[in-house]
Structure formats: C-alpha cells, structure tokens
Q: 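Input: one structure, supplied below.
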Amino acid sequence: MQLRAKACVPGVAALLAALLTGCSGASGIGDESDDSKPGGSGSSNAPAEPGKYRTLPEPCGEVDEDTLDAMLPGIPEIEDVEQREKAYEGTPTVTYDTDRRVGCNWKVESTGASHHLLVDFERVVSYDGTVSDDARAAEVYATKLRDAGLSRPSGSPTVSGDEDKGEEEGTGKDKGDGKGGASPAGDKPQGGKNARADDDKGSRKGSDKDAKGSDEEPDGAADASESAAPPPGLEPRTLPDLGDEAFLDDALTTAASASRHRTVTVVFRTSNVIVTIEYDEQPGRRTDVPDSKEMQDKAQELADMLAGEFNE
C-alpha cells in the first residue's frame with residue numbers, strides 16, 4: 001500500500017501543473033481578443049480607426065426658413081398659416097436604419113413653377129477591420145462621382161487601392177462612344193446630343209406654326225434651345241473647398257412633349273458621412289427653362305451651410 005501511494009504522488013503533481021498551464025494560456029488569448037477585430041492579430045495589426053461621426057442630425061430641422069423661402073418660393077405664397085408651417089417642416093424619407101441614413105423632402109407649387117428639394121445624410125460604416133470608415137465612405141463617394149460622369153481632379157489623393165480598382169472598372173464599362181472615360185451621365189438629356197435633338201424638333205414645330213401665322217412659339221423655342229446646356233463654367237464638375245471632396249451635377253430634361261425641368265445635385269463627403277442635395281425646378285410652361293446659375297448657387301449655398309454644421 002505504501003508503494004502504491006508513493007507512485008500516485010508524481011501523477012497528481014503532473015496533473016496540477018498541466019491544469020495551471022492551461023488556465024494561464026486561456027487568460028492570455030482572451031486579453032488579445034478584447035482589442036482585436038476580424039483580420040487583426042493583436043497589437044501587430046491595429047484595427048482601422050472608426051469614422052468621426054457616430055450619429056446623424058435630423059435633416060428636416062437642418063434647413064432654415066430663409067433658405068427654404070429662397071429655394072421654394074411657393075412657401076411664402078401659401079396664405080394658410082398651418083399649411084405654410086407644414087410646408088416648412090418637410091417630409092422625412094423612409095429609411096430602415098436612421099443611424100445610418102436619413103433624409104427630408106420638400107415639394108411646393110409656386111406661381112409658374114414647382115420646386116422639389118431633397119436633403120440626404122448617409123453615415124458609412126466599414127465592417128472590415130482593415131478598412132477605416134473614412135476609406136469606405138470615400139469608395140461610396142467615388143461610385144457616385146462615376147455615376148455623374150465625373151472623375152477626381154488629377155493629383156488628388158486616393159484612400160485605398162480598392163478604390164482605384166473600382167474607378168478603373170467604372171471607366172472600362174462605358175465603351176459606347178469609343179472613349180475610355182465615357183460618362184454614365186451620357187444617358188441623361190443634359191445639354192448634349194439628346195438636348196440638341198429635342199430642341200431641333202421644337203424649332204421645327206415652331207417653324208410650322210410660324211408658317212400658319214403664329215409668331216409666339218418660335219421665339220420661346222429659340223430661347224429654350226439657347227438655354228438647353230449650362231453656360232460655360234456651370235457644367236457638371238468637382239467642387240473645391242466643400243467638405244473633404246464634392247461635386248455638382250446639372251441635368252436638364254428637354255423632351256419636346258413635356259415641360260422642361262432642371263435638377264441640380266450637390267454631393268459632398270465629410271469624414272464618413274456623405275451629404276446629397278437634389279434641387280429640382282419644373283416650369284409651368286413648356287418653353288420656359290430654369291436658370292442654371294441661380295439653381296446651382298442656391299444648392300451650393302445650402303451645401304456650404306450643411307458642411308459648416310457638420311464641422312461644428
């Protein structure tokens with residue numbers, strides 16, 4: 001019996017040593033996993049930084065009444081006080097996650113035209129531990145830029161290699177006109193071949209009416225033809241000094257059978273938030289053409305104001 005007891009003592013000691021070693025090893029792994037993200041391995045690969053913005057403001061409350069009066073002239077024309085206040089409030093857009101995306105719409109009829117304004121805030125979050133929220137937001141912005149038929153100014157820094165690959169794929173898709181950088185915006189009737197073709201149709205109709213003795217329509221058609229494309233300097237373009245990066249798009253619909261309407265879009269990125277402003281005007285008369293410079297100025301003023309609010 002004594003010999004058997006002595007033989008068990010070394011076995012118990014070995015078992016205790018193994019248990020202590022296993023406990024200390026498990027504790028070390030747990031400490032590393034607390035600070036690591038998928039794709040990272042402790043301090044050797046620190047996770048990418050989160051974005052600057054963790055929440056979004058309420059867009060319907062970010063546009064003041066003076067700005068709405070200027071962009072939506074139909075609001076001051078509303079005589080009923082309650083209806084006017086309701087028009088100022090706007091209508092929130094339907095989103096599934098208000099922490100990630102929110103928006104607000106205003107649509108008002110005025111004397112001779114209708115106006116529509118959309119303000120949209122999108123907070124971009126990267127679920128890749130090696131890609132920051134800012135870098136992912138820059139990729140989303142780059143997609144919107146390509147959709148507008150634009151590209152970043154030469155020499156501007158890119159955030160990631162994936163973004164450069166995306167831009168190359170985006171320009172490679174458009175082969176219709178034989179140019180490597182063909183614009184997706186070519187589908188939009190904004191001062192290009194489509195606009196000129198529609199204006200030619202309008203001019204021919206005007207000439208026919210003139211032959212029948214009417215001298216009113218040709219003048220209107222001629223004015224519309226001259227205003228189809230934005231004047232030099234007002235073409236779709238990137239905008240400096242607005243957020244981290246920004247661009248403006250100007251699209252004029254010129255269908256001969258309907259009234260012409262213009263949509264000015266300003267998009268800018270500030271850190272991991274992308275702000276989109278869409279401003280639309282549709283005149284009551286088919287021959288009237290919304291003023292490009294006036295609409296662009298108003299949209300840019302609103303964008304500057306919103307960018308300032310995010311920087312505070």
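Worth saying up front: this structure is predicted, and the values here are computed from it rather than measured.
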Q: Listing request: all disulfide (SG to SG under 2.5 Å) pairs with a residue in residues 69-147, at least two apart in sequence or in separate chains.
A: Cys60-Cys104

Q: Which pairs count as ring pair (Phe, Tyr, Trp, His ring centres under 6.0 Å) when at least one residue sits in residues 290-312, sequence neighbours excluded?
A: Tyr53-Phe310, Phe121-Phe310

Q: Compare every heavy atom of Met295 with every heavy atom of Glu281, then report the nearest pair and how far apart it is.
A: N-CE, 3.7 Å

Q: Compute whether any side-chain donor of one residue and acceptor of the other, for Asp133 and Ser126, lie under 3.5 angstrom apart.
A: no

Q: Only counting residues at least two apart or in another chain, list the ones meeting ring-ring contact (aromatic ring centres under 6.0 Å, His included) with Tyr279.
A: none

Q: If the threshold is 4.0 Å, N to carboxylate O, is there a salt bridge linking Arg262 and Asp280?
A: no

Q: List the residues meeting ring-ring contact (aromatic ring centres under 6.0 Å, His included) with Phe268, not counting sequence neighbours, and say none if there are none.
A: none

Q: For residues Val273 and Val267: do they belong to one hydrophobic cluster (side chain heavy atoms under 4.5 Å, members Ile, Leu, Val, Met, Phe, Trp, Tyr)?
A: no

Q: Using every non-hydrogen atom in the two residues, find where Ala70 and Pro73 come nearest and quote the distance to one decimal.
A: O-CD, 4.2 Å

Q: Looking at every non-hydrogen atom in both residues, tell me the closest pair between Pro236 and Asp249 and how far apart they are.
A: CG-OD1, 3.4 Å

Q: Inspect the contact between Glu139 and Arg136 and indicate whether a charged nitrogen and a carboxylate oxygen are less than 4.0 angstrom apart.
A: yes

Q: Going by the rule ring-ring contact (aromatic ring centres under 6.0 Å, His included), which residues pair with Tyr88 if we only count those two or more places apart in sequence or in a different chain?
A: none

Q: Under 3.5 Å, is there a donor on one side chain and an acceptor on the other for Thr91 and Asn105?
A: no

Q: Can you tell which of Leu248, Val266, Leu306 makes a side chain to side chain contact (heavy atoms under 4.5 Å, CB included) with Leu242?
A: Val266

Q: Using a strict cut-off of less than 4.0 Å between a Lys/Arg side-chain nitrogen and an Asp/Glu carboxylate oxygen, indicate whether Lys86 and Glu82 qualify as a salt bridge.
A: no

Q: Asp120: what forms a salt bridge (Lys or Arg N to Asp or Glu O under 4.0 Å) with it, not counting sequence neighbours?
A: Arg101

Q: Identify the two heavy atoms, one from Asn272 and one from Lys52, that lie closest to each other, and give their separation to 0.1 Å.
A: OD1-N, 3.3 Å

Q: Between Asp244 and Thr270, is there a side-chain donor-acceptor contact under 3.5 Å, judged purely by atom types and distance?
A: no

Q: Provide the closest heavy-atom pair for Arg260 versus Pro283 in the form atom of the first, atom of the second, distance.
A: O-CD, 2.7 Å

Q: Are the charged groups of Arg84 and Asp80 less than 4.0 angstrom apart, N to O?
A: no

Q: Do Thr238 and Glu245 meet the criterion of a side-chain donor-acceptor pair at a distance under 3.5 Å?
A: no

